Amino acid sequence: MTLELQRISLPTGVELNVAIAGDPANPPIFLLHGFPESHRTWRHQIPELARDHYVVAHDQRGFAHSSKPEGVESYGPGKAVGDLLALADHLGVGRFTLVGHDWGGAIAWMAALQNPQRIERLIIVNAPHPKVFQKSLFDDPAQREASQYITRFRDTTLDQGLIGAGLERFFASTFAQHVVGGIAGEDKAAYLDEWGQPGAMTAMLNWYRASAIIVPAPGEEAERPAWLDAPFPPIVQPTLVIWGMKDFALLPAQLEGLGELVPDLTIVPVEDGGHFVPWEKPEAVTAAMRDWLAAHPVAG
């Protein structure tokens, strides 16, 4: 199907590139991509979901063909949550189902915690719960080791090499090593086009720089945040977590103890999927979504 792409200006100060599909009379579902992607993360799911949902998938601020405001402070997670809600308001959507992968999942967890009156159902794909993730960075040496890329991404000297041939190197090394099955042709061309937009690589990396997540070095005795061992508010929405089990950046340990924080939880592992499971194993992800959505219909 051909996606309808709109450029939408929001009161949060950004213009977003937004893919929209399906009948606005159907239940709305918003799809949030992560790093280093765009609405294309969901290219296989959008046509299927649009059969009976009103589907909205935007390039988040700093990514692809959306606005790239200056400064690290423009990329705190609260900014992206604000964009999401402002976009829903613009489209006349009240309550909606929210789906997020990677950084999009981090935004989805936050939006669901803060806005239960807006977020009706939650689907998370290879994106760790904020408490589980931060706790694992202190208590799980393997996850701490796997997350050292965050510290590298926070180094601003990285940006100057990420133009021209530097983008090809980034594609072949940092990105491709986390992909199951490879990428070529028009998909590779789309990434290089998106990353080559003026200011895109700095803006995308600023998401890591604006994050409050603490990533201790391997073996470091870092000061433990008090909130890690305090009560944490539960996710009140019915929640589906889909996890590509061959994710080498976000390990399956992120699923441990999740049920204590998410009372209405369904977990669907995709054993042969990696971090980018929405397009590495699209049939499995789409089937898991559709089965769960059918089993958890929205009110009215």
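Given the structure is predicted, the values throughout are model-derived calculations rather than measurements.
Looking only at side-chain heavy atoms (C-beta outward), Ile119 and Phe96 come within less than 4.5 Å of each other. With contacts defined as side-chain heavy-atom distances shorter than 4.5 Å, the pair Leu293/Leu49 qualifies. Between Leu5 and Asn17, the closest side-chain pair of non-hydrogen atoms falls below 4.5 Å. Contact of the Gln237 side chain with the Asp264 side chain is not registered, since no non-hydrogen atoms from C-beta on lie closer than 4.5 Å. The side-chain heavy atoms of Leu158 and Arg152, taken from C-beta on, include no pair separated by under 4.5 Å. Here the side chains of Leu31 and Val56 are not in contact, with every heavy-atom distance at 4.5 Å or above. Residues Leu137 and Gln134 are in side-chain contact: their nearest non-hydrogen atoms beyond the backbone lie under 4.5 Å apart. With a 4.5 Å cut-off on side-chain heavy atoms, Ile214 and Phe138 count as touching.
For residues 195-213, the pairs satisfying side chain to side chain donor-acceptor pair (under 3.5 Å) are Asp159-Thr202, Asp159-Arg209, Asp193-Gln197, Asn206-Arg209, with sequence neighbours left out.
Separating the CZ atom in Arg224 from the CG atom in Asp229 is a distance of 4.5 Å, to the nearest 0.5 Å. Note: Leu91 CG to Gln6 CD = 7.0 Å, rounded to the nearest 0.5 Å. Note that CG of Asp102 and CD of Glu37 are 7.5 Å apart. Values are rounded to the nearest 0.5 Å. Atoms CD and OG1, on Gln60 and Thr41 in that order, are 9.5 Å from each other to the nearest 0.5 Å. One distance of note links CG of Leu240 with NE2 of His296; it measures 8.5 Å at 0.5 Å rounding. Interatomic distance, Trp279 CH2 to Asp187 CG, rounded to the nearest 0.5 Å: 7.5 Å.
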Before you tell me yes or no, could you show the steps for Arg51 and Asp23 under salt bridge (charged side-chain N to carboxylate O under 4.0 Å, His left out), namely the whole-Å CA-CA distance, both residues' side-chain angles and the distance that decides it to 0.1 Å?
CA-CA 8 Å; Arg51 286 163 40 197; Asp23 186 342; over 6 Å; no
Derivation and outcome, salt bridge (charged side-chain N to carboxylate O under 4.0 Å, His left out), residues Lys68 and Glu15
CA-CA 9 Å; Lys68 299 163 186 65; Glu15 292 183 357; over 6 Å; no
Check step by step if ring pair (Phe, Tyr, Trp, His ring centres under 6.0 Å) holds for His33 and Phe63.
CA-CA 10 Å; His33 69 84; Phe63 288 87; 4.8 Å; yes
Please test Phe232 against Leu113 for side-chain contact (heavy atoms from CB on, under 4.5 Å), starting from the C-alpha separation and ending with a verdict.
CA-CA 10 Å; Phe232 198 85; Leu113 281 163; 4.0 Å; yes
Report the C-alpha distance between Val81 and Asp83 in whole Å, list the side-chain angles of each, state the deciding distance to 0.1 Å, and finish with yes or no for side-chain contact (heavy atoms from CB on, under 4.5 Å).
CA-CA 5 Å; Val81 172; Asp83 293 341; over 6 Å; no
Candidate pair Thr286 and Arg290, rule side-chain contact (heavy atoms from CB on, under 4.5 Å), full reasoning:
CA-CA 6 Å; Thr286 303; Arg290 289 200 62 85; 4.3 Å; yes
Applying side-chain contact (heavy atoms from CB on, under 4.5 Å), run through Phe133 and Ile213 and close with a yes or a no.
CA-CA 9 Å; Phe133 187 43; Ile213 200 83; 3.7 Å; yes
So Tyr191 and Phe175, ring pair (Phe, Tyr, Trp, His ring centres under 6.0 Å) or not? Walk me through it.
CA-CA 10 Å; Tyr191 283 112; Phe175 183 50; 4.8 Å; yes
Ring pair (Phe, Tyr, Trp, His ring centres under 6.0 Å) for Phe30 and His58? Distances and angles first, verdict last.
CA-CA 8 Å; Phe30 283 66; His58 61 279; 7.4 Å; no
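Under the 3.5 Å distance criterion, with hydrogens and angles disregarded, a donor-acceptor pair is assigned to the side chains of Glu194 and Ser38. Between the side chains of His275 and Asp247, at least one donor N or O sits under 3.5 Å from an acceptor N or O. No side-chain donor from either of Asp59 and His65 sits under 3.5 Å from a side-chain acceptor of the other. Using modelled atom types and a 3.5 Å distance limit, the side chains of Ser74 and Glu70 yield no donor-acceptor pair. For the residue pair Gln254 and Ser136, a side-chain donor N or O sits within less than 3.5 Å of a side-chain acceptor on the partner. Under 3.5 Å, the side chains of Thr97 and Glu120 contain no donor-acceptor pair of N or O atoms. For the 3.5 Å distance criterion, the side chains of Asn26 and Asp52 fail to qualify, holding no donor opposite an acceptor.
Ion pairing of Glu271 with Lys281 is absent here, as no side-chain N (NZ or NE/NH1/NH2) approaches a carboxylate O to less than 4.0 Å.
With hydrogens and angles ignored, the 3.5 Å screen pairs no side-chain donor or acceptor of His53 with any backbone N or O of Val55. Counting only distance, with no hydrogens or angles, the side chain of Arg144 and the backbone of Ala217 share a donor-acceptor pair below 3.5 Å.
Between His101 and Trp42, the ring planes lie perpendicular to each other; the angle is over 60°, past the 30° to 60° tilted range. By the 30° and 60° cut-offs, the orientation of the rings of Phe153 relative to Phe35 is tilted.
The minimum heavy-atom distance linking Ala80 with Ile107 is given by the pair CB-CD1, 3.8 Å. In terms of heavy atoms, Val236 sits closest to Pro116 at CG2-CB, 3.8 Å. The two residues Thr157 and Asp155 have their closest heavy-atom pair at OG1-OD1, 2.7 Å. Shortest non-hydrogen contact noted between His178 and Ala249 is CE1-CB, 3.9 Å.
When hydrophobic clusters are built by joining Ile, Leu, Val, Met, Phe, Trp and Tyr residues whose side-chain heavy atoms come closer than 4.5 Å, directly or via intermediates, Met201 is grouped together with Ile150. In the hydrophobic clustering of this structure, Leu251 does not group with Val241; members are Ile, Leu, Val, Met, Phe, Trp, Tyr whose side-chain heavy atoms approach within less than 4.5 Å, directly or through other members. Under the 4.5 Å side-chain heavy-atom criterion for ILVMFWY residues, a single connected hydrophobic cluster contains both Ile267 and Leu261.
Checked options Leu255, Asp272, Val277; the residue passing with Met245 is Leu255 (criterion: side-chain contact (heavy atoms from CB on, under 4.5 Å)).
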